[in-house]
Amino acid sequence: MQEIKDLLYEELKEILEKEGFPSYRAGQIFKWIYKKFVCNFKEMTDIKKEEREYLERNFENYIPEICERISSADGTKKYAFLLKDKKVIESVLIPDGKRLTVCVSTQVGCPLGCTFCKTGKMGFIRNLSTSEILSQIIAIARDVGVKPTNIVFMGMGEPLLNLKNLVRALKIITSEEGMNFSPRKVTVSTAGIPHLIEELGKSVRISLSLSLNAPDNETRSKIMPVNNKYPIEEIMAAIERYPHPPKSLFTIEYVMIKGVNSSIDHAKKLASLLKKSKRRFKVNLINFNPFEGCEFEPVGDEIFKFQEELLKNSISTTIRKRKGADINAACGQLGGIASLYLKTQEV
Ligand code: SF4
């Protein structure tokens with residue numbers, strides 16, 4: 001059966017019009033699903049009974065079951081969702097003042113194998129469908145009873161390697177008929193795949209951020225094997241061409257790992273790399289979040305010295321608050337529950 005959340009507004013409208021539905025019906029259905037987060041066609045009370053029955057016969061509106069929900073002392077919540085094929089993905093809800101951010105996954109596992117990331121250790125299982133991407137936001141909004149304010153694609157997987165479904169989900173997230181998020185409130189984070197950065201820029205206008213983590217190819221290739229294929233220069237060129245929303249700074253994420261990428265020399269190299277570009281950047285320093293079986297360690301005060309060096313070079317630099325580290329929901333820590341479920345399935 002066709003999953004209704006895999007369809008864009010225009011596609012649903014066309015199907016329903018062919019069936020004799022009035023042209024405004026698709027808008028009403030989208031409103032129920034993406035604004036009121038309703039999963040059952042029976043609850044769509046402004047739609048005629050026969051039409052609701054048609055929807056039930058022809059479409060699914062499936063939301064994966066929440067199989068784990070763990071709350072952190074700082075208010076962060078990690079969710080694990082059991083998909084239809086029994087694979088598990090993780091998403092995170094991060095409250096911060098008035099901001100309520102959902103961190104979304106795009107793949108089960110990840111093929112890029114960054115050595116500091118727990119998801120990378122899982123390997124790649126499969127891409128998520130458009131509906132599975134959107135369902136994470138809907139399920140979390142239903143669980144907490146409010147619409148989140150921001151969406152970040154920083155969960156499991158490299159979003160650009162699931163470009164088709166990512167773009168469809170982004171269109172629904174930002175469209176007036178869909179969730180109606182401002183593109184400024186939605187950020188896709190990438191490890192940097194130049195031709196896919198260009199493709200994304202042609203398809204949607206959305207904030208992009210780069211998970212850079214090292215200022216030179218030698219260091220970066222040690223922790224991010226994808227860098228052997230796409231060196232920093234090619235990524236930075238693609239970023240310069242990317243149609244980022246105007247007036248906003250482009251974010252560079254930088255995970256600080258003790259003895260690997262955190263020296264003053266690295267900070268100097270990073271400053272000079274960013275100053276070469278025509279783009280204006282903001283660097284977000286993230287202290288490494290350890291997980292079981294990982295050989296790396298977080299830094300201590302080096303993070304402040306690193307920040308100071310960048311600020312000296314007039315580069316806006318923030319240190320990300322550690323959110324959800326006690327429940328393994330922090331950056332780079334997702335995949336623990338998903339791996340456990342995978343192991344159970346292998347037995
Ligand atoms: Fe994949 Fe991102 Fe983890 Fe790298 S950091 S392995 S791109 S999920």
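For ligands, and for the atoms within them, numbers begin at 1 and follow the listed sequence.
Relative orientation of the Phe30 and Tyr9 rings is perpendicular, given thresholds of 30° and 60° on the angle between their planes. Aromatic ring orientation, Phe281 versus Phe250: perpendicular (interplanar angle above 60°, classes split at 30° and 60°).
For ligand 1, the atoms closer than 4.0 angstrom to any heavy atom of Gly113 are 6 (S). When each atom of ligand 1 is checked for a heavy atom of Gly120 under 4.0 Å away, the hits are 6 (S).
Remark: Asn217 engages Asn227, Pro231, Ile232, Glu233 in a side-chain contact (heavy atoms from CB on, under 4.5 Å) (not counting sequence neighbours). Every salt bridge (charged side-chain N to carboxylate O under 4.0 Å, His left out) that Lys84 has, sequence neighbours left out, goes to Glu60.
Partner of Arg168 under the salt bridge (charged side-chain N to carboxylate O under 4.0 Å, His left out) criterion, out of Glu132, Glu3, Glu10, Glu11: Glu11 alone.
At a threshold of 2.8 Å, atom 3 (Fe) of ligand 1 has a backbone or side-chain N, O or S atom of Cys117 nearer than that distance.
Under a 4.0 angstrom heavy-atom cut-off, Ser211 registers as lying outside contact with ligand 1.
Looking at Cys114 against ligand 1, both its backbone and its side chain come within 4.0 Å, counting heavy atoms.
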